[in-house]
There are 2 protein chains.
Amino acid sequence: MFEKLFENIRKKIVITEREEEICRSLFIPKKLRKRQYLLQQGDVTKYTAFVEKGLLRSYIIDDKGAELIMQFAPEGWWINDMYSAITGEPAEQNIDAIEDSELLLLTTQGYEQLMQEAPVFERFFRLQLQNSFVALQRRLKGNIILTAEEKYKNFIQAYPNIVQRVPQHNIASFLGITPESLSRIRKQMAER
Amino acid sequence: MFEKLFENIRKKIVITEREEEICRSLFIPKKLRKRQYLLQQGDVTKYTAFVEKGLLRSYIIDDKGAELIMQFAPEGWWINDMYSAITGEPAEQNIDAIEDSELLLLTTQGYEQLMQEAPVFERFFRLQLQNSFVALQRRLKGNIILTAEEKYKNFIQAYPNIVQRVPQHNIASFLGITPESLSRIRKQMAER
DNA sequence: AAAAACTCTTGATGTATGTTAATGAAATCA
DNA sequence: TGATTTCATTAACATACATCAAGAGTTTTT
């Protein structure tokens with residue numbers, strides 16, 4: 001159950017047997033069925049989730065009822081509503097499972113405890129955040145300067161596996177375009 | 001010279017006299033004149049900068065020659081090209097001064113040294129990154145779901161001081177709209 | 001196995017914002 | 001102080017993408 005987690009952690013830091021034990025004691029295994037929520041808008045985030053198996057998404061619903069997918073999280077990825085986690089305010093995001101999934105959950109309290117008992121995790125999460133930040137900057141940039149078609153091409157280039165696993169309108173939602181536009185773009189691309 | 005820096009650090013962590021000393025030895029004071037570059041696209045990032053005084057911006061120029069401002073950094077803010085800093089690859093971003101500025105620079109090496117000699121800074125930069133990440137998520141969201149007018153209103157709400165200090169087309173560039181559009185939006189807003 | 005819900009496609013039409021271009025004012029430079 | 005660059009405004013026109021609406025497969029539910 002913990003293989004993917006330790007593999008993920010060891011990509012960034014070195015941990016001891018002892019620290020592995022601490023993780024085993026703090027992370028809570030949890031299964032989620034397709035369409036089941038891990039977090040709903042308005043609730044306060046309780047967990048930071050690591051995905052061992054399956055696929056999750058986080059998304060928001062704006063005032064006009066439009067959905068925007070903030071993140072896809074397949075195996076080996078982390079997901080939570082960072083805003084709610086650090087402020088303790090109700091979450092703006094929803095997180096649910098796109099496929100039946102197996103998670104390892106770290107409570108907000110467990111998160112702090114982990115840092116205390118194994119300070120090397122300060123470093124781990126810092127490095128993790130650096131990468132997330134850079135990825136998000138790139139996404140913002142793409143969103144502003146690219147055309148819808150370029151956004152889609154970048155996406156299938158960057159996440160070919162996700163393309164296979166989610167309905168097309170989810171990709172549109174992630175890219176910030178309508179499903180209709182994406183459909184037309186794909187048609188054009190196929191015609192050439 | 002270091003007042004703002006320590007004030008900024010102490011908002012997130014507790015540091016000792018000793019750690020203050022380490023900072024004094026690692027941060028390099030530097031003045032930058034208006035329009036002077038701290039980093040140019042293609043060069044590798046050498047520094048992470050803390051702004052003691054003045055105002056900087058980071059921006060990219062895309063293939064079509066369009067400019068996109070990624071960040072404004074007034075007093076008390078940090079700025080660098082995170083991508084280049086963590087990968088060692090040439091920077092995509094430019095960073096320059098909008099006003100004559102006074103900076104405290106931490107070299108990439110100094111950054112690592114700081115973590116070694118004062119590990120509490122792992123925590124500091126982690127917390128820092130958490131906030132940056134949340135702010136960036138909010139910006140991405142706004143960029144996708146808001147109209148140009150809403151984007152502008154949010155901006156003047158969030159950064160009233162920046163509005164006073166930079167030319168209007170810089171704000172347009174930050175928001176991802178054209179200066180002409182912003183001008184029209186302001187006209188409309190004034191008419192009501 | 002029928003009903004319901006979801007998913008994708010396609011067409012007609014609308015609109016927010018971009019593009020191009022010209023002008024004048026303000027700031028900076030020499 | 002005159003010359004030059006930067007900045008903001010405005011108008012006419014263009015366009016990428018959204019919206020609305022209908023239809024046909026698919027998948028899921030009962």
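Each chain gets a letter, A, B and so on, in the order its sequence line appears, and its residues count up from 1. This one's a predicted model, so the numbers in the text were calculated from it and none came from an experiment.
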Practice prompt. Specify the residues of residues 139-176 of chain A, ordered by number, for which at least one heavy atom lies under 4.0 angstrom from an atom of DNA chain C.
Written response: A/P167, A/Q168, A/H169

Practice prompt. Could you check B/Y111, B/F50, B/Y47 and say which one makes a ring pair (Phe, Tyr, Trp, His ring centres under 6.0 Å) with B/W78?
Written response: B/F50

Practice prompt. To the nearest 10°, let me know how far the axis at one end of the helix from C/dA1-D/dT30 to C/dA30-D/dT1 is tilted from the axis at the other, five pairs an end.
Written response: 60°

Item to complete: Name the closest nucleotide to the A/T178 side chain, picking from D/dA11, C/dG18, D/dT19.
Response: D/dT19

Practice prompt. Determine, stepwise, if the pair A/S84 / A/E89 fulfils side-chain hydrogen bond (donor to acceptor under 3.5 Å, both in side chains).
Written response: CA-CA 5 Å; A/S84 174; A/E89 296 286 313; over 6 Å; no

Fill in: Short side-chain donor-acceptor distance under 3.5 Å, A/Y152 and A/R186
yes

Practice prompt. Give the rounded distance in Å between these two atoms: CD of A/E180 and P of D/dC20.
Written response: 10 Å

Worksheet item: Could you state the NZ-C1' distance from A/K64 to D/dC20, rounded to the nearest angstrom?
Response: 18 Å

Discussion item. Measuring from the side chain of A/S183 (C-beta onward, heavy atoms only), which nucleotide among C/dG11, C/dC8, D/dA12 has the closest atom?
Written reply: C/dC8

Fill in: Donor + acceptor pair across side chains of A/Q71, A/Q93 (<3.5 Å)
no

Discussion item. Categorize B/I177 for me: base, sugar-phosphate, or nothing, with a 4.0 angstrom heavy-atom threshold over every strand shown.
Written reply: sugar-phosphate

Worksheet entry | Separation of atom NZ in B/K187 from atom P in C/dT17, rounded to whole Å | 17 Å

Worksheet, complete the sentence: Tested for side chain to side chain contact (heavy atoms under 4.5 Å, CB included) against A/I171, the lone hit among A/V163, A/I69, A/I156 is A/V163

Discussion item. Looking at the base of D/dT10, is there any donor atom on it, or on the side chain of B/R186, that sits under 3.5 Å from an acceptor on the other one?
Written reply: no

Item to complete: For atom CZ of B/R138, decide whether the heavy atoms of other residues, nucleotides or ligands shown that lie under 6.0 angstrom number more than 12.
Response: no

Worksheet item: Does a salt bridge link A/E52 with A/K4, judged by any charged N lying under 4.0 Å from a carboxylate O?
Response: no

Discussion item. Please report the distance, rounded to the nearest Å, between CD in A/E99 and P in D/dT28.
Written reply: 12 Å

Practice prompt. Tell me which of A/S181 and B/R184 sits closer to the 5' end of DNA chain D, going by the nucleotide each one is nearest to.
Written response: B/R184

Worksheet item: Between A/Y159 and A/F72, is the ring centre distance below 6.0 Å?
Response: no

Fill in: Exceeds 12 heavy-atom contacts within 6.0 angstrom, atom CZ of A/R33
no

What's touching nucleotides 22-30 of chain C from the protein side, N or O pairs under 3.5 Å?
from, atom 1, to, atom 2, distance (Å)
C/dT28, OP1, B/K34, NZ, 3.3

Practice prompt. Establish, from distance only, whether the side-chain atoms of B/R126 and A/Q128 form a donor-acceptor pair under 3.5 Å.
Written response: no

Practice prompt. Heavy atoms only: give me the nearest A/I15-A/E19 pair and the separation to one decimal.
Written response: CA-OE1, 3.2 Å

Worksheet item: Expressed in angstrom and rounded to an integer, what is the separation of A/I98 atom CD1 from C/dC6 atom P?
Response: 15 Å

